[in-house]
Amino acid sequence: MVNGREVVLDILLELSKQTEYSNILIAAVLEKYDYLDGREKAFIKRVSEGTVERRIQIDYVLEQFSTVPVRKMKPLIRELLRMSVYQILFMENIPDAAVCNEAVKLAGKRKFQQLRGYVNGVLRAVARDREKIVYPDRETSFREYMAVWYSMPEELVGHFCDAYGEEQCEKILQSFLQRKAVSIRLREMPEEGRQEELLERWRQSGAKVVRHPYLPYAVEVEKAEGIRNLAGYGEGIFTVQDVSSMLVAEAAGIRPGDVVLDVCAAPGGKALHAADKLQGTGQVTACDVTAYKTEKIEENRDRLGLANVSVRVQDARMRDETLIGTVDVLLADVPCSGLGVIGKKQDIKYRITRQSMDEIVCLQKEILSNVVHYLKQDGVMIYSTCTMNLAENEEMVRWICETFDMEPESMARFLPEALRREAEKGYLQLLPGVHETDGFFLARLRRKVRG
């Protein structure tokens, strides 16, 4: 019989090695244990993700109740205490006694019999005295308070405060900790009422379904027993795609017959959306750097039945002479620091460094210096990232325009009414907690016309 808490413990121990991102590992483990009851899988997912996202706050609490500093704990005991404190502080439906007892049993089962008393003592003290936990003072130590309360490294708190101010920073951090629905793009359904009929079937299966305010074909789904199990998945009626990503194809203003190139395409959402916009005309080429990534694109292309999409393994830094001057619409969703999707990939915040952010800017410039030559003279580039960093976004747009004689072009006529005013300048920074999306940046750029 599978012990859900032991599965969580093994996930956390594996994540501590930093060889895999949490969203990928947790998804793989849940697939392995797909035969488990839905509630058990939900428990594994919730505790694994929650312990990762709340790690800084949890460690701060542990330091107040443990005689051993967190950094000096045995790795297994550290992760066992973290996951147990998460349950005590953030899962009201689980009795504290059950959390403590199960943790003690696990410590013994995993050959730490001599530390069972220590584990029991720490956890019972947290449960008993949780109201006495002392946090940094919000008024005198705002950034330290934010770092602990929202479990965000203080350097990143400073980054968001400096860029967007304290009020917007707090909205961003609050949004990161909110449970995220799955965003779905419904494909065109000419039959009247077909969309609503499909959504009603999802609701009847137990899913919570809400239409997104920005786009008529975007919906958010929660409490579904696996997206692949929703009606219409096998027929290619819909695909999983973030709303911010959907805005890219809108901003591109794709016209029938266009030649579209997506140079960093995996998992393929933007390229496949562009293909749908072409309505069976034109051509989309979707590239990425490894066969593993392109296979994911091919899988979705085939499920959606898109004949006008070709997929190839191509390093965006390497010049393909056959593509020079051939592209109407260039999608450049380049590798980035990923600060905008911390809410979905929580361990990004523990791995990011100033050095890594500087290095990613260099990679972005290397890619852009190559792919910009694929544009036709009147072609359009949509530059995008899933981050919130001036160097990768606004400053990168200025660099592109200065280096390649391009200029931003208003996206207002292409985007939803709620975003039009901000999109007039030709680029748009979306902020979680402020906009109804992940943190995302997009810009529409065109070569300057010489008279």
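Keep in mind it's a predicted model, so treat the numbers as computed, not measured.
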inquiry  = Against the six-membered ring of Tyr233, is Arg303 placed for a cation-pi contact (under 6.0 Å from the centre, within 45° of the normal)?
reply    = yes
key: Polar contact flag, side-chain donor to acceptor under 3.5 angstrom, Asn370-Arg319   = yes
message = Looking at Lys349 and Glu53, is any side-chain nitrogen of the basic one under 4.0 Å from a carboxylate oxygen of the acidic one?
response = no
ask   = Salt bridge or not for Glu166 and Arg138, using N-O below 4.0 Å?
value = no
message = Does either side chain, that of Tyr135 or that of Gln57, offer a donor lying less than 3.5 Å from an acceptor on the other one?
response = yes
Under-4.0 Å salt bridge between Glu299 and Arg228 = yes
key: Beyond-backbone contact of Met406 with Leu375, side-chain heavy atoms, under 4.5 angstrom   = yes
ask   = Is there a donor-acceptor contact under 3.5 Å linking the side chains of Ser384 and Asp333?
value = yes
task = Could you tell me whether Lys41 and Asp34 make a salt bridge, using a distance below 4.0 angstrom between a side-chain N and a carboxylate O?
result = yes
key: Residue pair Glu436 / Leu430, side-chain heavy-atom distance below 4.5 Å   = no
message = Strictly below 4.0 Å, N to O, side chains only: are Asp405 and Arg447 in salt-bridge contact?
response = no
message = I'd like to know whether Arg78 forms a salt bridge (charged side-chain N to carboxylate O under 4.0 Å, His left out) with Asp59, so could you lay out the CA-CA distance, the side-chain angles of the two residues, the decisive distance to 0.1 Å, and finally the verdict.
response = CA-CA 9 Å; Arg78 180 167 52 237; Asp59 286 359; over 6 Å; no
ask   = Does the side chain of Ser369 come within less than 4.5 Å of Phe404's, by heavy atoms?
value = yes
key: Side-chain donor-acceptor pair present, Arg54, Tyr150, cut-off under 3.5 Å   = no
query = More than 12 heavy atoms of other residues, nucleotides or ligands under 6.0 Å from NZ of Lys345: is that the case?
reply = no
message = Has Asp137 got a side-chain atom pairing as donor or acceptor with Glu139's backbone, closer than 3.5 angstrom?
response = yes
Note, Val29 side chain near Val7 side chain (heavy atom, < 4.5 Å) = yes
ask   = Are the side chain of Asn393 and the backbone of Thr387 linked by a donor-acceptor contact shorter than 3.5 Å?
value = yes
ask   = Distance only, no hydrogens: is a donor on one side chain within 3.5 Å (strictly under) of an acceptor on the other, for His435 and Gln429?
value = no
message = So, applying side-chain contact (heavy atoms from CB on, under 4.5 Å) with Cys287, which one of Leu261, Val371, Leu323, Asp262 is it?
response = Leu261
key: N-O pairing of Arg143 and Asp162 below 4.0 Å   = yes
task = State, yes or no, whether a side-chain contact exists between Leu445 and Val397 at a heavy-atom distance under 4.5 Å.
result = yes
query = If we ignore angles and hydrogens, is there a donor and acceptor under 3.5 Å between the side chains of Tyr350 and Gln18?
reply = no
query = Would Tyr383 and Trp399 count as a close aromatic pair, with their ring centres under 6.0 Å?
reply = no
inquiry  = What I'd like to find out is whether the side chain of Val372 reaches to under 4.5 Å of the side chain of Ile400, using heavy atoms alone.
reply    = no
message = Is it true that, when you exclude Arg317 itself, more than 12 heavy atoms of the residues, nucleotides or ligands shown sit nearer than 6.0 Å to its CZ?
response = no
ask   = Is there a side-chain contact between Leu431 and Tyr164, using heavy atoms and a 4.5 Å cut-off?
value = yes
inquiry  = Does the structure place the NZ or CZ of Lys425 under 6.0 Å from the centre of the six-membered ring of Tyr427, at an angle of no more than 45° from the ring's axis?
reply    = yes
query = Will you find, in the side chains of Gln364 and Glu392, an N or O donor that is under 3.5 Å from an N or O acceptor?
reply = yes
message = So does Ile297 get a backbone contact from the side chain of Asn300, meaning a donor-acceptor N/O pair under 3.5 Å?
response = no
query = Any chance CZ of Arg203 has more than 12 other-residue heavy atoms, nucleotides or ligands included, within less than 6.0 Å?
reply = yes
query = If you measure from the Lys or Arg side-chain nitrogens to the Asp or Glu carboxylate oxygens, is any gap between Glu79 and Arg55 under 4.0 Å?
reply = no
inquiry  = Salt bridge check, Lys376 against Asp378: does any charged N sit closer than 4.0 Å to a carboxylate O?
reply    = no
task = Could you check if a side-chain atom of His159 sits within less than 4.5 angstrom of a side-chain atom of Arg354, using non-hydrogen atoms only?
result = yes
message = Tell me whether Gln346 contacts the main-chain N or O of Phe176 through its side chain, where contact means a donor paired with an acceptor under 3.5 Å.
response = yes
ask   = Does Ser66 use its side chain to pair, donor to acceptor, with the backbone of Glu63 at less than 3.5 Å?
value = no
message = Tell me whether Arg187 forms a cation-pi arrangement with Tyr217, defined as NZ or CZ under 6.0 Å from the six-membered ring centre and within 45 degrees of its axis.
response = no
message = Regarding Lys270 and Asp242, does a basic nitrogen lie under 4.0 Å from an acidic carboxylate oxygen?
response = no
request  = For the residue pair Gln174 and Gln178, confirm or rule out a side-chain donor-acceptor distance under 3.5 Å.
outcome  = no
task = Give a yes or no on this: more than 12 heavy atoms of other residues, nucleotides or ligands lie within 6.0 Å of atom CZ of Arg421.
result = no
message = Please check: side-chain N/O of Ser48 versus main-chain N/O of Ile44, any donor-acceptor pairing under 3.5 Å?
response = yes
ask   = So, Lys17 and Glu14, do they make that salt bridge, N to O below 4.0 Å?
value = yes
query = So, Phe142 versus Trp149, ring centres under 6.0 angstrom or not?
reply = no
task = Inspect the contact between Lys293 and Glu298 and indicate whether a charged nitrogen and a carboxylate oxygen are less than 4.0 angstrom apart.
result = no
ask   = Yes or no on salt bridge (charged side-chain N to carboxylate O under 4.0 Å, His left out) for Arg413 and Glu250, after CA distance, side-chain angles and deciding distance?
value = CA-CA 10 Å; Arg413 68 188 186 278; Glu250 295 294 338; over 6 Å; no
query = Backbone N or O of Leu80 within a donor-acceptor pair of the Ser84 side chain at under 3.5 Å?
reply = yes
request  = Indicate whether the side chain of Asn389 and that of Ser337 have a donor and an acceptor atom separated by less than 3.5 Å.
outcome  = no
key: Heavy-atom donor-acceptor pair, Asn308 side chain to Gly282 backbone, under 3.5 Å   = no
query = Hey, is the main chain of Thr322 close enough, under 3.5 Å, to the side chain of Tyr374 for a donor-acceptor pair?
reply = no
